[in-house]
2 protein chains.
Amino acid sequence: MGCVEFLKEKLGERNFKLTNQRKVVFEILTEKKEEHLSPEEIYEHIKDIYPEIGLATIYRTLQLFEEIGLVYKLNFDDGCYRYEILSPNNKEVHQHHHLICKKCGKIIEVKEDLMNSLEEIIEKQYNFEIKNHIVKFTGICSQCRNKENNNGNRKET
Amino acid sequence: MGCVEFLKEKLGERNFKLTNQRKVVFEILTEKKEEHLSPEEIYEHIKDIYPEIGLATIYRTLQLFEEIGLVYKLNFDDGCYRYEILSPNNKEVHQHHHLICKKCGKIIEVKEDLMNSLEEIIEKQYNFEIKNHIVKFTGICSQCRNKENNNGNRKET
DNA sequence: ATTATTGCAAAGCTTTTGCAATAGG
DNA sequence: CCTATTGCAAAAGCTTTGCAATAAT
């Protein structure tokens, strides 16, 4: 499962060791790439196949993965960080657009990238070398909008 | 100092009380509107003029302010949330573009808003009602780029 | 063989909460 | 007067750290 070769290479570049724990975290992240897993969630998934792993190792591994550019750390204001694996094949993909529903908390991914023009302006005007960007839109998702209408616009908390 | 009338009105709308503590937090946020203060920092500022205030009150006040749309909660991945007061006069301003330097951690505000076209697409295509958005660009700021060049591209950690 | 990495438990943070005292409308 | 709000201290997360044991090159 997953291209462990890529992981080995990435680790090797900086003389980090390829351990089983790192392999397993990498595999879970690859397998669940759509899910924005938190350290805790990753831990729960892994305990099934690797019961002796420690939560601290997950944290350390994620930190390392972020450092070597293997994952992207996301914050959806829900009390923990979440991690998204970066595609091994596409070095250009650094966009993260997320729609966060204020009602149900659902997170929707956006594929479009219309940020390029903004990036150009920023790079020029602020002389800021953009490495990555994250865009969070908060609002009400289509599902919750429908519910609202069915309830005759009744307010929820 | 600050337009406390606006605060009173905002609180009144939802039958919240205008306490001294809330007034003071509002004033600090207004005064330091460029600084993205954390609860702890706000607490430190306030202790000078209001020594008996409790940190928990700051937290509760900020939560309340966010709920009534008086502040915007920001996360710069530095271990705490930070708050930005929303301009009383401009209900249209909901854009928050920040440039975060990966080297020195400096946060630069961007005024431009080229997000409107992206927003339109998202609203249509995902039927998602956008209430707010936050854009974080991470990269290297002009100052650090200069330093890098002076050091002949030596890598820093 | 050496040194990085791990697991565990403890500690460190920021943030939240329970409760009696206080103060605002 | 009545109830929301506060301060304090304790608790509750999430995350990090120290250290001896273990595993990778």
Fill in: Partners passing side-chain contact (heavy atoms from CB on, under 4.5 Å) against A:E67 (at least two apart in sequence or in another chain)
A:R14

Practice prompt. With sequence neighbours left out, write down each residue that passes side-chain contact (heavy atoms from CB on, under 4.5 Å) with A:R22, or none if nothing qualifies.
Written response: A:L11, A:F16, A:K17, A:T19, A:T61, A:L64, A:F65

Fill in: Rounded interatomic separation in angstrom, taking CZ from A:R22 and P from D:dT25
10 Å

Response to the item:
From CD of B:Q63 across to P of D:dA4 the rounded distance in Å is 17 Å

Practice prompt. Let me know the distance between CG of A:L55 and P of C:dG12, rounded to the nearest Å.
Written response: 19 Å

Worksheet item: Is there a donor-acceptor pair closer than 3.5 Å between any side-chain N or O of A:Q125 and the backbone N or O of A:I122?
Response: no

Worksheet item: How would you label the contact of B:E40 with the nucleic acid (heavy atoms, under 4.0 Å): base, sugar-phosphate, or nothing?
Response: nothing

Worksheet item: Please give, in whole Å, the distance from D:dT6 P to B:L62 CG?
Response: 12 Å

Discussion item. Suppose we screen for side-chain contact (heavy atoms from CB on, under 4.5 Å). Which residues come up paired with B:E120, at least two apart in sequence or across chains?
Written reply: none

Worksheet item: Of the nucleotides C:dT15, C:dG7, D:dG7, which has the atom closest to the A:T57 side chain?
Response: C:dG7

Discussion item. Using whole Å, what does the distance between atom P of nucleotide C:dT14 and atom CG of A:D78 come to?
Written reply: 19 Å

Discussion item. I need the CD1-P distance between B:I58 and D:dT6, as an integer number of Å.
Written reply: 10 Å

Discussion item. From OH of A:Y83 over to C1' of D:dC14, roughly how many Å is that when rounded to an integer?
Written reply: 11 Å

Discussion item. Please enumerate all residues that pass ring-ring contact (aromatic ring centres under 6.0 Å, His included) together with A:F137, with sequence neighbours excluded.
Written reply: B:H133

Worksheet item: What residues form a side-chain hydrogen bond (donor to acceptor under 3.5 Å, both in side chains) with A:K106, not counting sequence neighbours?
Response: A:Q143

Response to the item:
When A:I53 and B:P39 are each assigned the nearest nucleotide of DNA chain C, the 5'-most assignment goes to A:I53

Fill in: Candidate list B:I28, B:L37, B:V24, B:I46, test side-chain contact (heavy atoms from CB on, under 4.5 Å), partner B:I58, passing option
B:I46

Worksheet item: How far does the helix from C:dA1-D:dT25 to C:dG25-D:dC1 bend, going by the axes of its first and last five pairs, to the nearest 10°?
Response: 40°

Worksheet item: Within this structure, what is the CG-to-P distance between A:D77 and C:dT15, rounded to whole angstrom?
Response: 11 Å

Fill in: C:dT16 phosphate, OP1 or OP2, under 4.0 Å from B:Y59 side-chain N/O
no

Worksheet, complete the sentence: Applying side-chain contact (heavy atoms from CB on, under 4.5 Å) to A:H36 and not counting sequence neighbours gives A:L74, A:F76, A:R82, A:E84, A:H98, A:I107, A:E109

Practice prompt. Just jot down the side-chain hydrogen bond (donor to acceptor under 3.5 Å, both in side chains) partners of B:N75, sequence neighbours excluded, or say none.
Written response: none

Discussion item. Strictly under 4.0 angstrom, non-hydrogen atoms only: write out the protein contact profile of nucleotides 19-25 of chain C, one letter per nucleotide from the 5' end, B, S or -.
Written reply: -----BS

